[in-house]
S.K.: 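Can you keep this structure in mind? I'll have questions shortly.
Whatever order the structure lists them in is the order used to number ligands and atoms, beginning at 1.
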Amino acid sequence: MKIEKNIFYDLEYEELKAYLSNSFNLDEKKSSMRANQIWKFVYKKGLMQVGSFLNISNALKENLENKIDFDRIKISEEKKSVDGTIKWLLKLKDNNLVETVYIPFGKTGTLCISSQVGCTLNCKFCHTGTQMMVRNLDTNEIVQQLLIAKDRLTDWGSEKKIRNIVYMGMGEPFYNYSNVKKSINILNNNFGLDYSPGRITVSTAGVTPQILEAANEIKTCLALSLHAPNDEIREKIMPINKKYKIADLIASCSSYAKINNEKIFLEYVLLKNINDSESCAKELIKLMGKLPCKLNLIEFNVWPGVGYEPSNKDTVDKFFKIIKSSGHIVTLRKSKGEDILGACGQLKTESERKKRGLIN
Ligand code: SAH
């Protein structure tokens, strides 16, 4: 009979400690010491062969080998853009596919990770939205996206190449809240990967109740995909706005900012003749006055079959200047990785939900 193993990358530090303590009847001090050693081998050095763990007894090695799976998810495809952006297509154990993107800025960069296979949100301008929601990613599948990127970039030295992590890949992180939260706890732990909450940004399309929960629990930076200055426009391009209205959303983001003493990133994709007018910019300024925030204007990335166009350069400049002259912080994000469909909103895999007939 095949024994199902625990996957190491699903375990939080305290869970590993408890596992070691129960399996070997270790006291608090010894289980901490063992957990530290193993955690460092895996998350500081990037080792995945139990045989290469030093100063560990044979009995413990045997137990780990038999009970815990340290294997990495397989890379199905790696694509590199002319601008250095790298996109990995990962094949999960159940053959579903998910994407992870590394965006370099000089010698370091940002990793964009996915939280779901597919997405339920169906934002009209987003390529992932044309894919059916397949399933939530497990904690280990979220954590492993970082490990795989670190392997491929040989980023296991003391100076990190991957400086920042953004949950801006496929899916809505707040619809997979518990696994996302667990993965962040693993990324945060300073015996291992050591990404402080300030180096991690979770991006949401606006799941209002979850924002408040996250404010007290996960404490990372928060990005809100706003994309419109009023409910009327937002509802047309983002169906989630039918459920969660802008006023409540802004109020919950404002609480988040106060609890964590961090400005919220407002993301705003400029779509030609949809949300890029002067009056939209002015309405947006009013919203920005309601919370501590920075605005990130994003050039719209086209994808095959999309019904929107990017705003003209002049319109973008004008929009930018109106916001800037109001005294708010605003940046214009240039796209990276467009040639490999690795830019924001371009991610999509071939994974389809099975037994479609059974899904509502
Ligand atoms: N569901 C979360 C996480 C996805 S983040 C969220 O909505 O925030 C992906 C970001 O890229 C979001 O801000 C999304 O609105 C934006 N985006 C989607 N399609 C895009 C496109 N075609 N061009 C530029 N940005 C896009």
S.K.: Are side-chain N/O atoms of Tyr167 and Thr220 paired as donor and acceptor at under 3.5 Å?
M.R.: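 The criterion, which ignores hydrogens and geometry beyond distance, is not satisfied for Thr220 and Tyr167.
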
S.K.: Using the side chain to side chain contact (heavy atoms under 4.5 Å, CB included) criterion, which residues pair with Ser203? Sequence neighbours excluded.
M.R.: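 Partners of Ser203 under the side chain to side chain contact (heavy atoms under 4.5 Å, CB included) test: Met168, Ala223, Ser225.
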
S.K.: Over 60° means perpendicular and under 30° means parallel, so tell me whether Trp303 and His127 are parallel, tilted or perpendicular.
M.R.: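 The arrangement is parallel - the two ring planes meet at less than 30°.
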
S.K.: Assess the pair Phe70 and Phe53: is the distance between their ring centroids shorter than 6.0 Å?
M.R.: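 Yes; Phe53 has its ring centre under 6.0 Å from that of Phe70.
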
S.K.: Would Glu172 and Ser115 count as a side chain to side chain donor-acceptor pair (under 3.5 Å) here? Give the steps.
M.R.: CA-CA 7 Å; Glu172 168 52 47; Ser115 54; over 6 Å; no

S.K.: Identify the residue among Arg234, Glu232, His227 that makes a side-chain hydrogen bond (donor to acceptor under 3.5 Å, both in side chains) with Asn241.
M.R.: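 In the set Arg234, Glu232, His227, the residue that makes a side-chain hydrogen bond (donor to acceptor under 3.5 Å, both in side chains) with Asn241 is Arg234.
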
S.K.: Taking both backbone and side-chain atoms of Phe125, is any N or O found less than 3.5 Å from an N or O belonging to ligand 1?
M.R.: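 Right, the criterion is met.
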
S.K.: Of the side chain and backbone of His127, name the one, both, or neither that has a heavy atom under 4.0 Å from an atom of ligand 1.
M.R.: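 Within the 4.0 Å criterion, His127 makes no contact with ligand 1.
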
S.K.: Compute the shortest N/O to N/O distance between Tyr167 and ligand 1 and return yes if it is under 3.5 Å, no if not.
M.R.: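 Such a contact does not occur with ligand 1.
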
S.K.: Tell me which one of Glu15, Glu217, Glu141 satisfies salt bridge (Lys or Arg N to Asp or Glu O under 4.0 Å) with Lys182.
M.R.: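 Going through Glu15, Glu217, Glu141 one by one, the salt bridge (Lys or Arg N to Asp or Glu O under 4.0 Å) with Lys182 is satisfied by Glu15 alone.
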
S.K.: Identify, by atom number and element, the atoms of ligand 1 in contact range of Leu121, meaning under 4.0 Å from any of its heavy atoms.
M.R.: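 Going through ligand 1 atom by atom, the ones under 4.0 Å from Leu121 are 1 (N).
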
S.K.: Below 4.0 Å from ligand 1: does a non-hydrogen atom of Ala223 turn up there or not?
M.R.: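 Contact check Ala223 vs ligand 1: negative.
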
S.K.: Where on Thr204 is there a heavy atom closer than 4.0 Å to ligand 1, on the side chain, on the backbone, on both, or on neither?
M.R.: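 The part of Thr204 near ligand 1 is the backbone, not the side chain.
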
S.K.: Should the pair Asp138-Lys93 be classified as a salt bridge under the 4.0 Å nitrogen-to-oxygen rule?
M.R.: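 Not counted as a salt bridge, because no side-chain N and carboxylate O are separated by less than 4.0 Å.
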
S.K.: I want to confirm something. Looking only at heavy atoms, which of His227, Met168, Met238 is nearest to atom 14 (C) of ligand 1?
M.R.: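 It is His227 that holds the nearest heavy atom.
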
S.K.: Below 4.0 angstrom from a heavy atom of Asn301, which ligand 1 atoms are there? Numbered from 1 as shown, please.
M.R.: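 Heavy-atom distances to Asn301 below 4.0 Å select 21 (C), 22 (N), 23 (N), 24 (C).
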
S.K.: Mind checking what makes side chain to side chain contact (heavy atoms under 4.5 Å, CB included) contact with Thr85, not counting sequence neighbours?
M.R.: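 Applying side chain to side chain contact (heavy atoms under 4.5 Å, CB included) to Thr85 gives Ser81, Asp83, Val101, Ile103, Pro104, Lys336, Ile340.
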
S.K.: Considering only heavy atoms of Phe300, which atoms of ligand 1 have at least one such atom less than 4.0 Å away?
M.R.: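 Counting from 1, the qualifying ligand atoms are 21 (C), 22 (N), 23 (N).
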
S.K.: Any atom of ligand 1 sitting under 4.0 Å from a heavy atom of Tyr308?
M.R.: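 No heavy atom of Tyr308 comes that close to ligand 1.
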
S.K.: Give the atom numbers and elements of ligand 1 that come within less than 4.0 Å of a heavy atom of Gly171.
M.R.: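 Those atoms are 1 (N), 2 (C), 3 (C), 4 (C).
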
S.K.: At less than 4.0 angstrom from any non-hydrogen atom of Gly169, what atoms of ligand 1 do you find?
M.R.: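 That gives atoms 4 (C) of ligand 1.
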
S.K.: N/O of Glu172 under 3.5 Å from N/O of ligand 1, yes or no?
M.R.: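 For ligand 1, there is an N or O atom that lies under 3.5 Å from one belonging to Glu172.
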
S.K.: With heavy atoms of Glu299 as the reference, note each atom of ligand 1 found under 4.0 Å away.
M.R.: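 Near Glu299, the atoms of ligand 1 are 24 (C).
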
S.K.: Any idea which atoms of ligand 1 are less than 4.0 Å away from a heavy-atom of Ser225?
M.R.: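 Those atoms are 6 (C), 7 (O), 8 (O), 12 (C), 13 (O), 15 (O).
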
S.K.: So for ligand 1, is Pro173 a polar contact partner (N or O within less than 3.5 Å, distance only)?
M.R.: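 The answer is no, given that Pro173 and ligand 1 share no N or O pair closer than 3.5 Å.
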
S.K.: Where's the contact between Val269 and ligand 1, heavy-atom distance under 4.0 Å: side chain, backbone, both or neither?
M.R.: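 Side chain only.
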
S.K.: More than 12 heavy atoms of other residues, nucleotides or ligands under 6.0 Å from NZ of Lys245: yes or no?
M.R.: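 Yes - once you tally the heavy atoms of other residues, nucleotides and ligands closer than 6.0 Å, there are more than 12.
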
S.K.: Heavy atom of Ser115 under 4.0 Å from ligand 1?
M.R.: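 It does not, in that no heavy atom of Ser115 comes within the 4.0 Å cut-off of ligand 1.
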
S.K.: Has the side chain of Asn63 got a donor or acceptor atom that lies under 3.5 Å from a matching backbone atom of Ala59?
M.R.: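 Answer holds: no.
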
S.K.: Check each atom of ligand 1 against the heavy atoms of Trp303 and keep those under 4.0 Å away; list them by number with element.
M.R.: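 Ligand 1 atoms under the 4.0 Å threshold to Trp303: 22 (N).
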
S.K.: Any side-chain to backbone donor/acceptor pair from Ser52 onto Met48? Under 3.5 Å, distance only.
M.R.: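 Looks like no, no N/O pair under 3.5 Å.
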
